[in-house]
Every structure is written in C-alpha cells, then in structure tokens.
Amino acid sequence: MPTSLAELAKILNAWVDERIDLSGVRELIRHKVVPVHRHTVWYYFGGMTLFLFIIQVLTGILLLLYYRPSAEEAFESVQFIVTEVEFGWLIRSIHSWSANLLVATMMIHLFSVYFTQAYRKPREITWLSGMSLFGIFLFFGFSGYLLPWNELAYFATKVGTDVAGQVPVVGHLMARVLRGGDDVTGATLSRFYGFHVAILPLATTAILGLHLFLVQKQGMSVPPEIERSGQPLRTMPFVPSFLLRDLVGWLSALAVLGALAAYFPWELGVKADPFAPAPAGIRPEWYFMYMFQTLKYIPAKIGPIDGEVVGVLGFGLGGLFLLLVPFLDRKTARGEKSPLFFWIGVGIVTYIVVLSVLGYVAPGGK
Amino acid sequence: MRGAWLLLAPALLAGSVLLAGSQAAAQKLPEGNACIECHQGIGDPRVTPPAEKFPQDIHLAKGILCQDCHGGDPKNFDPQGSMNPAKGFIGKPKHQAIPQLCGKCHSDAAYMKKFNPTIRVDQVQEYFTSVHGKKLREGDQKVATCISCHDVHKIRAIKDQQAWTYPVKVVDTCGRCHGDAKYMQGYKVATDVVEKYKTSVHYEALTKKGDLSAPTCNVCHGNHGATPPGVDSVANVCGTCHSLTADFFNQSPHKKAFAAMGLAPCVTCHSNHDVPKPSDSMVGTDEKAVCVNCHDPKSRGYQKAAAIRKSLDELRGAVQRATAILDRAEHAGMEVSQAKFELRGASDSLLKTRATVHQFDPAAITKLSDEGVKIANKMHAKGVKALEDLTFRHRGLWISVGIILVAIVGLVLKIREIDRRQA
Amino acid sequence: MEPLASSRRGFVNFLLGSGFGAMAVWMLYPVLRYLIPPKSGEATIASVPVPWKPAEIKANSGRIFKFGSQPGILVKTPAGDLRAFAATCTHLNCTVQYREEKQDIWCACHNGIYDLNGKNVSGPPPRPLEPYKVNVKGDQIVVSKGA
C-alpha cells in the first residue's frame, strides 16, 4: 500500500510538473530551514495563531449559514444555532473559544518577537504588518463579541465605543462611524457584522499574505544574543521536521478547543434590551480588561483634561511606540545590546498582566 | 393684477380651511348672541368665565346655548331686555336647584334620544339616592351637585380624556372635596381616603398599567348615587370584577362568621381604599398574616391558616426552583422551551391556588397546589436533565481527544524517526 | 535490522494515517450534520405552523399550541371561522381555554372571559387577547404575529 501510494504521488507530481514548473517551490521547501537554539520554541506561536485563524474562518463560515444580523433576530438565530442545529453548540463554542486562544497566542507571538528583537532590520515590514494584524484581530474580537446581541455584549460595546469617543478631535466622529449612529442600536449590529465578515477578513487576507510572504522570503530571525555568541548555528529542515512539530501543537490546540467547548460551553446569556439599565459586572473581553481597568483608576480630571482622554491618549501612544519600535531601537539596529528596550518591554507586559488580574480580582471600583 | 388675485384665491381658501380644521377641538361661539357677546366683551372677571369656558363644552357642540339653561332673550342686546325675568331669565341658578335644572333635559328620555339613543336618563333620580342628594334635600349647601363633578360651562363627554369624569381623573375630582380636611369639617367621613387610594393596587393598575377598568372612586361607590357600600354589599361590589374569589368566599365558613361578627367581607383583610397588592405572606400564622387578627394559636382556624400557607410556599418555591434551573439551562444554550411552556401549568396552578385560598379549605387548596408542585418538579427534573446533557457532550469530547492523541503519537514517532535518520 | 526498521516505519505510518483519517471523519461528521437544516425550519419568532390539519378541528372548539415558548389558542368558531390569539390572559398571564358550552374563551384562574374576537367581556382582564393571523396553506395552518 505505501509503495503504491508513493507511486501515485510520484505520477501526480510528474503530471503537475509537466504543466506548471514547481521547481522553484520545491527548491524553497528543500532549502527552508529553521534555526535551532534555546528560543526556538517561540517560533511555534506564529504558526499556532495562523492555525487558529483558519479554525475561525471555517467555523465562522459555518455560523454564517444560520446567523441573522438584525437586532430583532440576531439573538434568536444564535439561540437557534446552539439549541436546534445539530452540533451548532460545538461550532459556536469553538468559534468563541478559538477567538480567545487566538488573541492569546498572538500576544505571545508579539512579545516573543519583541524580546528576541526580531523586528530589527531587515524585518521592519514584517513587524509593521504583524502589528496591523494585531489591531485587526482585536477589532475582530470586539466586533464579534456584539453579534449574538446579548445583554453583556451590548453594554460592553456601549462602553467600548464610548472609549473610542474620548479620542480628542476625531473621537466623536469615530464613535458615530463605529456605531452607525449616536447610540448602539441595530445599526451598530449591521455595521459590526459588515466589519466582522467582510472588511476585516479582506484586510486580513492582504496583510497576512504579506506577513507570510516576508517570513518565507527572509526566513526566521535569530536572536542577536545567539548571533553574537558566535557558535555555529544548528538548523532543522522546515519540511518535515518543523512542520510535523507544528502539527503536534495544532492538534493539541484542537483537543484543548474541543475540551473547552464541551466543558465550558460559551454561554449565550440574555437578549439585549437597549432600554434596560446596565447590569452589574459589565466587563469587556479579557484582552481589553487592562484598558478597562486603567480607565477605572484614572481620576475624572487630570488638570484641565478629562481623565479618560488621558487614558485613551496613553494607550494610543503605547500602541504607536510598539508599532515604531524597529525605528526607535537604534542600538539593536547597530547590533548592540539594548537593555532600555528590554526593560520597556518587561514594563509593558507587567502592566498588562497586573491590570488584567486586578480587573478580575479588584472589588467594584468606581 | 386681477389675474394674481385669482391665483391667490385657492391658496387663501385652503388656508382658511386649515385654520378651521385646527380649531375643531375648541368650537366657535355663535355670533349675534347677546349673552355671549356681552359676557365676552365686558372684561369683568366675575362675569366672563362662562363665555371663556364655553367653547370647550359639549352642549355647545350639540347646539345648546346659554338661554337654554339660563333663560332670557339672546336677541336683545339691551341688558334690561335680554336678562328680563319675564323672558324666563333665571340668572345663576341656586345650588339646590341645579339637579332639577340639568334634569329638565337629562331626565327627559324622549328629548335625550335625539342626541344619543342609548344615553341614560336616570342620573337625577339616582342622585337623590346618594348621600350628596339626600343632604342637598336637607338644605346642605356644601354637598356636590351635578356641576361639582362636571366642570360647569366646560362640561365634556365622559370619553373625553380631559373630562373631570375620565377614569384617571375621578380621584382628583372627588378629592377636591373629600381630600380637603378643612372643607369636610363637620362631616363624619375621613379625608385621607384620596391619599390612601393612591397607594392601592387599583390606582396603580389604573394609572401605570393603563387599565381603565380598574376601579376608581365611582366604580365602588357609584357615581350619581354615590354611597359607601354597606357591610352586606361589599362582597358583591368587589365581586363584580373578582367574581371567582367572591364565589369562593361565599362558599366558605367565613361568610357566616363575618356576618355574625359584623365584619365586612374582603375589606377586613384587604383594606378598602389602600388595597395593597396581595401576597402569600397575608396568609399564615406569622406577624404579617391577617389570619392571626382573629384566630388564636389554639384554634383550628390557626392550624388551617398554617396549612394553607405551607401549600402556597411549597408551590411557589417549586415554581421558582424550576424557573431558575430552566433559565440556567437556556442561558447555557440548551433547548428547554418545551419545559418552560409546560411549566406555565404550574404557574397557573399557583394563581388558581391563590384564588382558592378564599375558600379557606386546606384540603382543596393542597389538592390544587400539589398538581402544580408535580408539574414544577417534573420541569425541574427536565432542567436538571438539560444541564446533565451538557456533560453528556463530554463523552464525544473524550473520543475525539483519543483520536487526536493517536495522531499526535504518530506524529511524535515520525519526528523521532526523521531526526534519527538525519543524525 | 533492515526489516525491523521498515516494519517500525510501517507502524508509524499506519498510526499517522489512521489517526489523521479518523480525525478527518470525526471532524467532518459534525460539520455535515450541522449543514443539514433542522426540522423546525428557521429561527423565527414571527410565525409558527400549527400541528393540526384544518379538517381535524371541529367547529366550536379551541386548542392550545406552542408559539415560541408562549401559548397560543386556535379557535374554530361555531360558524367555522379559524381564529388565533395569544393564550396568555391579560390579567395575570394564566393560559386561557375555550369553553364549548358557553362558546367563549375563559381563564380559569380568576374567571376572566373573552369573546371570540378576543375581547375581554367580563372578569378582571384589562385588555383583549393579542390577535394572531391565521393562514391556511393546503393542509397546513400557519399562525403569525402582527395580524
């Protein structure tokens, strides 16, 4: 059986090769190697994020078959999916859980790249495209959260778009554009649906394509400290060694997703009622928690400026700093050690972790 | 130039039609009526109000004018002539004379039929059966007559929302006198009734839920024949709406006992003006319960009260438990709409049981509440089952984890094999 | 040595192949089942098919059906008209029923009575029953909101 299967593959290969010259691709595959060193483990998180994104696309398409994007029917259609459609609960739960895991692996990927300084020349464009994807995926999460039109999501969206409205000068317009009006209504739902299933996927396809192309073109970055140590670098072939290891990770992720979906099915909650008072304990998705918590701690007024404006500006600057880090970090660019940027990174991660934890354990707040 | 006028004419015409339309609510007073023109133009606040108020009056709409009540000659612009007693002018009618004055038309069936074939014509007759009417006969000048409740010179149809007699306004209409302690001095009726009534479940139904059939003053006291219902008629009054409850009460041992003790049914437990929203805590043997007002702990009634309360609590608890678990299952995405649908049967039982309480028969009540408890427990079990089904999914999960594990083991072995080949 | 290695490789390939094969089937199955539309048709709250045929309902009778999670009442008047209303009493939300002997819709909880147009005629109910639209399509009766 294996021999005949191998022969079949050979015949097929020859058939395609006669028509399309694949030698370039084959060459690329044969020569693509992955450096082996003590930080190799971080290379897997990019691929993991990609895998989870594929899961999102597949389950998302399945959900589209039954979902209805209107304030009158959104909640009912999701309820229909999870109660009446066979395995609908599974598809929806996986979609929700996978979204959360995706954001988590994406954050690990982002900070592992940051701390191994893989953003340095010549990979600035890869970093920029990666940061854009980061923003896009956060927006994916934000827009998708509203789609079931339940109470929690409704008020979280209200708060979230309110925060966007705090941006000086353009904030009000931004909030209006996001909401499709002055308040979160059915119009917001239509809009978020459009973002979630058309605009963001389109942008992702383009930027992700660029991101992956650059990774293939330039290969994996080796951390400067390993480069500096001067030892000869071990490598392993991408195909099959690295790919198989990737697969192990992906399958494990799949098992974890299944377990989460079965043991912790994503709750549907209560249908949103725009006229009801906000319920206690509104909170955003966990990955926005540190921002939410920060805004709680900032006093209402700092000097003549609104506290929230300061917070929003702060996060804007933080994001801008991360985005531009390849151009700010001159020392790494020159091949020197860059302790300042290392410690800034540590600071950012600590801040995010501490405030997120506080968001879940700190009592009430203001 | 003349062409331009011709063009303008339709526009002017349309304008005037629009104007007329907008004034449909307040009618236009007729011209050439001496009463109206003098009373309007005289500028003395003592005599102008009738003419000012009259455009809103339903009588004007039906073509009834000043002289039809007050007499006199409206064609004569000389005050001596128009207000000549020889022409039947009576001026401002005496307080005592008002019912008869209104009754001149309103008690005349043949006349009233011209305006509305189904209108009542017994109001004056009824009025004189009321406390108001009796006291008026005795010469009391303060009691209400027709125009105390029907805003004189601005009398509106009863269906007019602005009428003093519109259901939601009645309490304030009566309250103008009955809520005024000073005015009511010397009479034996309480003046806190208006405030009390406004705390009642009836007032809430009337004003907040918009249930115009909910009772206000006149629904229990009668309108033209306004008299407080006596001890013997209270049950009938409440029973006009709460018929089932009244039937139960009339079959119960309380009927005789209340009559013997001179207690009025219904209001002894539920109060009269400030009727609260009834609750299960009214029954039983604790402090809030009304039963203990009469039944001492050694009596059989006391035990019955405790038993009735127990049935109610059991059923209410069962319904709450079932509702809670079904809600939980529903929020978790389980299909429980059928169970929720069937649980309505238990809620219905609870309401029926509450009505049946008025029979004061623990056996009958328990029988009814047991039916409800049975349904509620069955639905609770369905909720438990739905939540268990959530865990049933785990089996499918473990199979898939097993399969994935096989694939992972295969992969790991393959990786080791490749690594060994390369080493 | 050689045959042992090759048999070992064969085992690994078998494990891999069957593992992935089973996984493909195991994952495809829920997806295929998901794609099959459920019996209840679509996620709708606006209309519902009633589980009886027009012919099996006799005149002067009424039946309760499930409209979402709320009850509805389908009435065939003595004259043979089909009418449907929300079966939730407007007084305290009990489920109403049809009374053949009195030809009315009756709530047993507090003796509320509605006529066959759903209008509250006696007892505590403050409002008429919410009317539904009844459509007969061949052998099927469909009741929808917004009559």
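Residue numbers begin at 1 in each chain, while the letters A, B, ... track the order of the sequences.
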### Query
For B:Ser243, does its backbone N or O pair with a side-chain atom of C:Asn111 as donor and acceptor, under 3.5 Å?
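No, C:Asn111 side chain to B:Ser243 backbone: no donor-acceptor pair under 3.5 Å.
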What part of [X] is in contact with chain C, defined as an atom under 4.5 angstrom from a non-hydrogen atom: side chain, backbone, both or neither?
X        : result
B:Ser347 : neither
B:Gln338 : both
B:Val336 : neither

A side-chain contact here means heavy atoms from C-beta on lying under 4.5 Å apart; do [X] and [Y] qualify?
X        : Y        : answer
C:Asn13  : B:Lys414 : yes
B:His242 : C:His110 : no
C:Thr95  : B:Phe341 : no

### Message
Nearest 0.5 angstrom please: B:Ile408 CD1 to C:Leu16 CG, how far?
### Response
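Here the rounded value is 11.0 Å.
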### Task
Nearest 0.5 Å please: distance from the CZ atom of C:Phe20 over to the CD1 atom of B:Ile404.
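Atom-to-atom, C:Phe20:CZ and B:Ile404:CD1 are 10.0 Å apart.
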#### Entry: Where B:Cys241 and C:Pro124 come nearest, the two heavy atoms and their spacing
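Heavy atoms only, the tightest pair is O-CD, 3.4 Å.
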Residue, of [options], that accumulates the most heavy atom pairs under 4.5 Å with chain B:
options                    : answer
C:Pro71, C:Gly19, C:Gly123 : C:Pro71
C:Gly17, C:Cys109, C:Ser18 : C:Cys109
C:Val12, C:Leu92, C:Asn93  : C:Val12

### Query
Checking side chain to side chain contact (heavy atoms under 4.5 Å, CB included) for the pair C:Lys66/B:Ser337: CA distance, chi angles, key distance, verdict?
CA-CA 9 Å; C:Lys66 190 164 158 276; B:Ser337 74; 2.9 Å; yes
### Query
Could you walk me through whether C:Gln70 and B:Arg344 pass the side chain to side chain contact (heavy atoms under 4.5 Å, CB included) check?
CA-CA 9 Å; C:Gln70 300 293 315; B:Arg344 291 177 58 94; 3.1 Å; yes
